[in-house]
J.: 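The structure is given below, and queries will be raised subsequently.
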Amino acid sequence: MGVIASLKKHAFSLFGGNTRRDAARSDISELQGWNPGNRHAGAGRDYGLDLILNRSRDLDENNGWINAGLDRRVESVIGVSIRLSAQPKYELLNRDYAWRMDWTGKTQARFDVWSNDIEHRNDARQMLTFGAQARLAYLSYVRDGEACAEIRDDARGLANTTNVLLIEPERVVTPPLQKGQEGPNLRDGIAYNDNGAMTGAWVVSRHPGDYSATAKERYTFIPARSSTGRAKFIHVFNPRRAEQNRGISRLAEIMVPAKMIDRVDRAEVNAALKSALLSIFIKSAGSTDDISDMLAPANDEALDPWLDAYVDFRTKNPVRVDGADVFQLFPGEDVVTPAATHPNSNYPQFIRFVLQKIAGSLGISYPQLSQDWSGINYSSARALLNELWRSFMEDRRFFTQAFLTPIYAAWLEVEVANGDVKVPGGPANFYRNKTAICMAEWIGPGRGSVDPLKEANADNLDTAAGRKSTVEAILERGRDPEDVLSEEQYYRQRRAARGLPEVNHNLKAAADESDAQAAQETADDNANTPPASTREQVPA
């Protein structure tokens, strides 16, 4: 009975009785030995976070592909001159759109002056403009996995004392005397309340790798917010789990292939160099003993008299060829050149495969990373750009709202307190409607254009049909709509003052320069009538 029961049980397992999914089995060869533990998301430094951080920076410093990939990501998402676009919710403030535009114009002008102060007083270290600080913080966010900053107030000759101190993530650490207190309310230098909200961070006075510092290190607790709710310490990372408290480098997943490229590059170059240095050999008809006897310090009688006479003849009668060195070989000797096997014919395909993995992890395209644009046509370029643009805009939105907007809100609080920026209801109302007043978007680098002619035609059609606004089209090019429209209005007035006809914006873009010139001449001659053109017209 025991044997029969065992067979029934085995059959039950084979034919659908096993309730476990394949992903939970260990008897499949692909899954054997794969038993990761249930690691808590808040355990950071205990699981190699510091080593990953150091390796990511080493790749940035010594691997040209990684360095270039990070730069492409940063310049596409943030650039060096990201600009504020204040977006207060004027409806909740009982104001109209005209008030909003007037208020945002003045506020943005003041913020622009502060963020581009010629003495860099927006920066606690007085090194960078605010846009350059944003770029460096985003680089840290991508490469190191997180970005940290302290918002300070220092009198530096400006009415607004707000300035920003960027902090490298490894300086945020639990003091040694409080290591035993780590738990739900203190992890890896960051303090939390019972709900898991950050209340502040411990920052060491010097970098852990700065051994030249003579002063004893101090640990300072920086609160997350002041008593008024103004941001004091900013910590941003992109969590992959709900209870994660520290960021992990975006390079963690591609460190193995990146180091593979380093090794293959060095091996390939060394092999090619050796092949070039040892590319010619002399093949002799004589045996080893013959060569040994010839080169040995023996008497002259040991040398074959015929060879002796031959060498003497060639010494007195050398072969000469203009522009070349001619070396006479012994009789029977031949020149042998080994077949060149480097560069390896599979090397380009291997590098492309690895770089595609790296590009995918960094969120950029393979052509951006490798600068290999062969095989790209308009359709593939448009598809590539659309995919990348969604990723860039998502990352820009997340990072700017988590890192830049709190800095703007802290700056604006001082402006309102000083009376330099007026808000409805006075300074006290700023705190009642802080979110509505401080809402903002950030204008970074433009989307770029694959075919300006086709995209201009599409913009004209979408704008005329109401599917896209002029403001949206301007934002896609990385420009501030207020600046563009103000310039347009100014130059329209200038053209009218000089008696020049208005520029016709209602034509589809011409197919070439000659068509464009002809269309413009027709529009100028018939400013008050529809252009006499057979091309498709787009309504105003």
Side-chain angles (χ1 to χ4, degrees), residues 30-31 33-78 135-148 168-173 188 207-209 235-241 244-270 344 346-372 388 391-392 395 398-399:
E30 290 81 5
L31 302 181
W34 186 17
N35 300 299
N38 187 14
R39 183 177 66 85
H40 179 241
R45 284 187 161 79
D46 294 337
Y47 285 83
L49 185 65
D50 289 333
L51 181 58
I52 293 175
L53 176 65
N54 294 334
R55 285 175 172 172
S56 66
R57 290 178 178 168
D58 184 73
L59 284 175
D60 183 23
E61 294 171 359
N62 297 301
N63 186 299
W65 299 112
I66 298 298
N67 180 274
L70 290 172
D71 285 349
R72 298 296 82 76
R73 180 80 191 181
V74 172
E75 70 188 22
S76 299
V77 176
I78 299 295
R135 182 188 185 281
L136 184 57
Y138 181 74
L139 174 60
S140 175
Y141 165 77
V142 175
R143 181 196 59 208
D144 304 339
E146 53 190 345
C148 306
E168 294 198 317
E170 59 266 42
R171 288 183 57 199
V172 179
V173 62
D188 294 324
H207 190 279
H235 178 224
V236 58
F237 63 97
N238 192 2
R240 306 285 290 190
R241 296 179 61 182
Q244 186 175 339
N245 71 311
R246 298 299 296 263
I248 300 176
S249 172
R250 195 163 188 161
L251 304 179
E253 294 81 5
I254 54 174
M255 285 184 178
V256 174
K259 295 304 291 183
M260 288 171 58
I261 284 187
D262 281 346
R263 294 183 61 186
V264 171
D265 275 344
R266 285 195 297 269
E268 191 69 20
V269 171
N270 288 336
N344 192 318
N346 295 324
Y347 177 70
Q349 289 79 6
F350 171 76
I351 292 297
R352 181 185 180 93
F353 169 74
V354 178
L355 289 182
Q356 285 174 334
K357 293 180 64 176
I358 293 176
S361 183
L362 287 176
I364 60 176
S365 67
Y366 165 75
Q368 280 182 296
L369 180 62
S370 66
Q371 294 300 297
D372 176 13
L388 291 177
S391 172
F392 293 158
D395 219 17
F398 178 83
F399 179 79

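Only heavy atoms go into these numbers, but all of them, side chains included; no hydrogens, no water, no symmetry mates.
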J.: Suppose we screen for side chain to side chain donor-acceptor pair (under 3.5 Å). Which residues come up paired with S76, at least two apart in sequence or across chains?
T.: none

J.: Measure the spacing between CD of E146 and CG of N238 and express it to the nearest 0.5 Å.
T.: 12.0 Å

J.: Between the main-chain N or O of D58 and the side-chain N or O of E61, is there a donor-acceptor pair closer than 3.5 Å?
T.: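 A pair under 3.5 Å: no.
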
J.: What's the shortest heavy-atom distance between L49 and G247, and which atoms?
T.: CD1-O, 3.4 Å

J.: So which atom in L355 and which in S370 form the shortest heavy-atom distance, rounded to 0.1 Å?
T.: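 Minimum heavy-atom separation between L355 and S370: CD1-CB, 4.1 Å.
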
J.: Looking at CZ of R250 and CG of D144, how far apart are the two atoms once the value is rounded to the nearest 0.5 Å?
T.: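 Between R250 CZ and D144 CG, I get 13.5 Å after rounding to 0.5 Å.
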
J.: Which residues pass the side chain to side chain donor-acceptor pair (under 3.5 Å) test with Y141, not counting sequence neighbours?
T.: D395

J.: So does D60 pair up with R143, basic N to acidic O under 4.0 Å?
T.: yes

J.: Output the distance between atom CD1 (I351) and atom CD1 (I261), rounded to the nearest 0.5 Å.
T.: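 Output value for this atom pair is 4.5 Å.
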
J.: Q244 side chain to R240 main-chain N or O, any donor-acceptor pair under 3.5 Å?
T.: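 Side chain of Q244 to backbone of R240: a pair is present.
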
J.: Roughly how far, to the nearest 0.5 Å, is OG of S365 from CD of Q356?
T.: 10.5 Å

J.: Can you tell me how far the CG atom of L59 sits from the CG atom of N67, to the nearest 0.5 Å?
T.: 10.5 Å

J.: Locate the shortest heavy-atom distance separating S56 from L251; write the atom from each residue and the value.
T.: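 Looking at all heavy atoms of both residues, the closest pair is O-CD1, 3.6 Å.
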
J.: My understanding is that only residues two or more places apart in sequence, or in another chain, count here; which of them pass ring-ring contact (aromatic ring centres under 6.0 Å, His included) with F237?
T.: H235

J.: Main chain of G363, side chain of R73: is a donor-acceptor contact present, judged purely on distance under 3.5 Å?
T.: yes

J.: Minimum heavy-atom separation for V172 and C148, please, with both atom names.
T.: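 Taking every non-hydrogen atom into account, CG2-SG, 4.1 Å.
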
J.: Once salt bridge (charged side-chain N to carboxylate O under 4.0 Å, His left out) is applied, what residue pairs with a partner in residues 355-368 remain, sequence neighbours excluded?
T.: none

J.: Under 3.5 Å, is there a donor-acceptor pair between the side chain of N63 and the main chain of W65?
T.: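 Indeed, once roles are kept as given, a pair shorter than 3.5 Å links the two residues.
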
J.: What's the verdict on side chain to side chain contact (heavy atoms under 4.5 Å, CB included) for R72 and L369, showing C-alpha distance, side-chain angles and the deciding distance?
T.: CA-CA 7 Å; R72 298 296 82 76; L369 180 62; over 6 Å; no

J.: Side chain of R135, backbone of E75: donor and acceptor closer than 3.5 Å?
T.: no

J.: Partners of R352 by salt bridge (charged side-chain N to carboxylate O under 4.0 Å, His left out), sequence neighbours excluded?
T.: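 With sequence neighbours excluded, R352 shows a salt bridge (charged side-chain N to carboxylate O under 4.0 Å, His left out) to D372, given in chain and number order.
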
J.: Return the set of residues passing side chain to side chain donor-acceptor pair (under 3.5 Å) with D71 (not counting sequence neighbours), or none when no residue passes.
T.: none

J.: Is a donor from one side chain sitting under 3.5 angstrom from an acceptor on the other, for S140 and R57?
T.: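 No pair is found: no donor N or O on one side chain lies under 3.5 Å from an acceptor on the other.
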
J.: So, R246 side chain and P169 main chain: donor-acceptor pair closer than 3.5 Å or not?
T.: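 Judged by distance alone, yes, a pair lies under 3.5 Å.
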
J.: Check S249 against I52 and note the closest heavy-atom contact, atom names and distance.
T.: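 So the minimum-distance heavy-atom pair works out to CB-CG2, 4.2 Å.
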
J.: Decide yes or no on side chain to side chain contact (heavy atoms under 4.5 Å, CB included) for I254 and I66, but give the supporting numbers first.
T.: CA-CA 9 Å; I254 54 174; I66 298 298; 4.0 Å; yes

J.: For F350, I'd like to know if atom CZ has over 12 heavy atoms of other residues, nucleotides or ligands within 6.0 Å.
T.: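 Yes, because the 6.0 Å sphere around CZ of F350 holds more than 12 heavy atoms from other groups.
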
J.: Apply side chain to side chain contact (heavy atoms under 4.5 Å, CB included) to the pair F399 and V77, showing each step before the final yes or no.
T.: CA-CA 10 Å; F399 179 79; V77 176; 5.9 Å; no

J.: Any side-chain heavy-atom pair from I358 and Y366 closer than 4.5 angstrom?
T.: no

